Amino acid sequence: MINFFQNVDWILVLKSFVIGGLICLIGQILIDKTKLTPARILVAYVTFGAILGGLGIYQYLVDFAGAGATVPLTGFGNALAKGAINAVYEKGILGAFTGGITATAGGIAAAVFFGYIAALISKPKIKKQ
Amino acid sequence: MKKVGNQTIVFDIPPTVLETACIGGPKEANGPLAKYFDQVLDDEFWGEASWEKAESKIIKETVNRVVAKSKISQGKIEYCFSGDLLNQCISSGFGLRDLNVPYLGIFGACSTFVEGMGLSALFCNTPIANYALCATSSHFCSAEKQFRFPLELGNQRPQTSQWTVTGAGSALVSKSGQGPFITSFTPGKIVDMGIKDVNNMGAAMAPAALNTLIAHFHDTGRSPSYYDGIFTGDLGYVGKDILSELSLKYGYNISSNYNDCGVMIFDKSEQDTHSGGSGCACCATVFSGFLFNQLKQKKFKKILLVATGALTNATSAQQGESIPSIAHAISIEI
């Protein structure tokens, strides 16, 4: 355990926190200041991440901030684009259709699995405000 | 009974609001009008498996309570008008299926309660009925699920959005009695000013309330000062300000005696509901609880109740349609 903490790159943790936080801050501003619904903001984030990923720009952000860039929804879009591009190199044009989902299969399967577990063990509740 | 002006019905032998009842949810129980409810609930499910079932139970128990309080046997109630916000008015249909009273389902969104009271008064003003009943319900959780987002999504509500009241209100109207009397009924016209934001219903409905208010004053020749209180159904803080401003612009100063049920039912500083309350149960519970009590105690002698409704649904909102709105008014005097 002590070894684990000694090996943590604290600068990267800080960068990850700031970049991840900034991405979320933009989402919060969009909720508060525009009439965009949360569903649209979600789709826009994935699309925006895919475009930046496809153009190779998002990778700079990933290199800089690690999980701060890969965990938010834009990171999911980036993974979709990257997966599709890599699969085209490996399998040809069909890879453009299969690569995205292959690359993000872990995330999608985890979302389904944990969503199902959450539905089994919890009950919907009223919100506080 | 006669029509005055363009659209107002004046009852020459005004029917009496014999009895009312209302049940509220946990949030309403912490609001400023809590003590006027016949019963408040500890949780939103009330022992049921779904919010929809809970809402049906709330309207059923509210109607049972108004019948019990009135001491009129159920068999004497000749017609029942009821409606709610859920698709095809299932809260009313399911909740009142064992009532065994001729049932007329009505939909006026959050204006349904006053529509029901007006129709009850109309029926009682003719030879066809001595007693008619109206009831409406709404439930925060079932309404959010149907009109906005599933609660499980946990998304944030914008500041202009209103909080759907969980509860139901019911009134029993009789041909004769000691009052409070329903003296007039002004059914409103549909008004659509092009507002498309389902999280800003107050702004969409305020022009409809204005239209009905002006029609009522014009038809009856009354001025705002005739009433001790003018109460709109559920415009909330945003809509209330808009209506106050608009009515002044049209020459009716309602600032001294006007309030909104959506503003009254929750405490702005203690309960963060953003723009106040809404839903069929908003106007229904505020009238059945607080206002009826004040009329009985003669603290208010003349009130105008203007329930407002947004005639929209989830599909029309998703297709980018604007929100047609309506307001119905009844005057109640003692």
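Sequence lines set the chain letters: A, B, ... in the order given, protein chains first and strands last, and positions in each chain run from 1. All figures in this text were calculated on a predicted structure; none of them were measured in a lab. Note: hydrogens, waters and symmetry copies are ignored here, and every other heavy atom, side chains too, is used.
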(request) For a side chain to side chain donor-acceptor pair (under 3.5 Å) with B:Glu55, tell me which candidate from B:Ser91, B:Ser50, B:Ser92 qualifies. (result) B:Ser91

(message) Need one label for B:Glu144: side chain, backbone, both or neither, based on atoms under 4.5 Å from any heavy atom in chain A.
(response) side chain

(message) Once side-chain contact (heavy atoms from CB on, under 4.5 Å) is applied, do any residues pair with A:Arg40, and if so which ones, sequence neighbours excluded?
(response) A:Leu36, A:Thr37

(request) Could I get the full list of side-chain contact (heavy atoms from CB on, under 4.5 Å) partners for B:Leu246, not counting sequence neighbours? (result) B:Leu210, B:Ile242

(request) Taking heavy atoms only and a threshold strictly under 4.5 Å, list by residue number the residues of residues 45-73 of chain A that touch chain B; give 'none' if the list is empty. (result) none

(message) Using only non-hydrogen atoms and a strict under-4.5 angstrom cutoff, which residues of residues 99-124 of chain A touch chain B?
(response) A:Lys123, A:Pro124

(request) For the residue pair B:Phe287 and B:Phe113, categorise the inter-ring angle as parallel (less than 30°), tilted (30 to 60°) or perpendicular (more than 60°). (result) tilted

(message) Angle between ring planes, B:His139 versus B:Trp51, binned at 30° and 60°: parallel, tilted or perpendicular?
(response) tilted

Can you confirm whether more than 12 heavy atoms, excluding those of [X], are under 6.0 Å from its [atom1] atom?
X	atom1	value
B:Lys57	NZ	yes
A:Asp32	CG	yes
A:Phe97	CZ	no

(message) Given the ring of B:Phe140, does B:Lys27 sit roughly above its face, with NZ or CZ under 6.0 Å from the centre of the six-membered ring and within 45° of the axis?
(response) no

(message) Report which part of A:Ile126 has an atom under 4.5 Å of a heavy atom belonging to chain B: side chain, backbone, both, or neither.
(response) both

(message) Side chains of B:Asp84 and B:Ser137 only: does a donor on one sit below 3.5 Å from an acceptor on the other?
(response) no

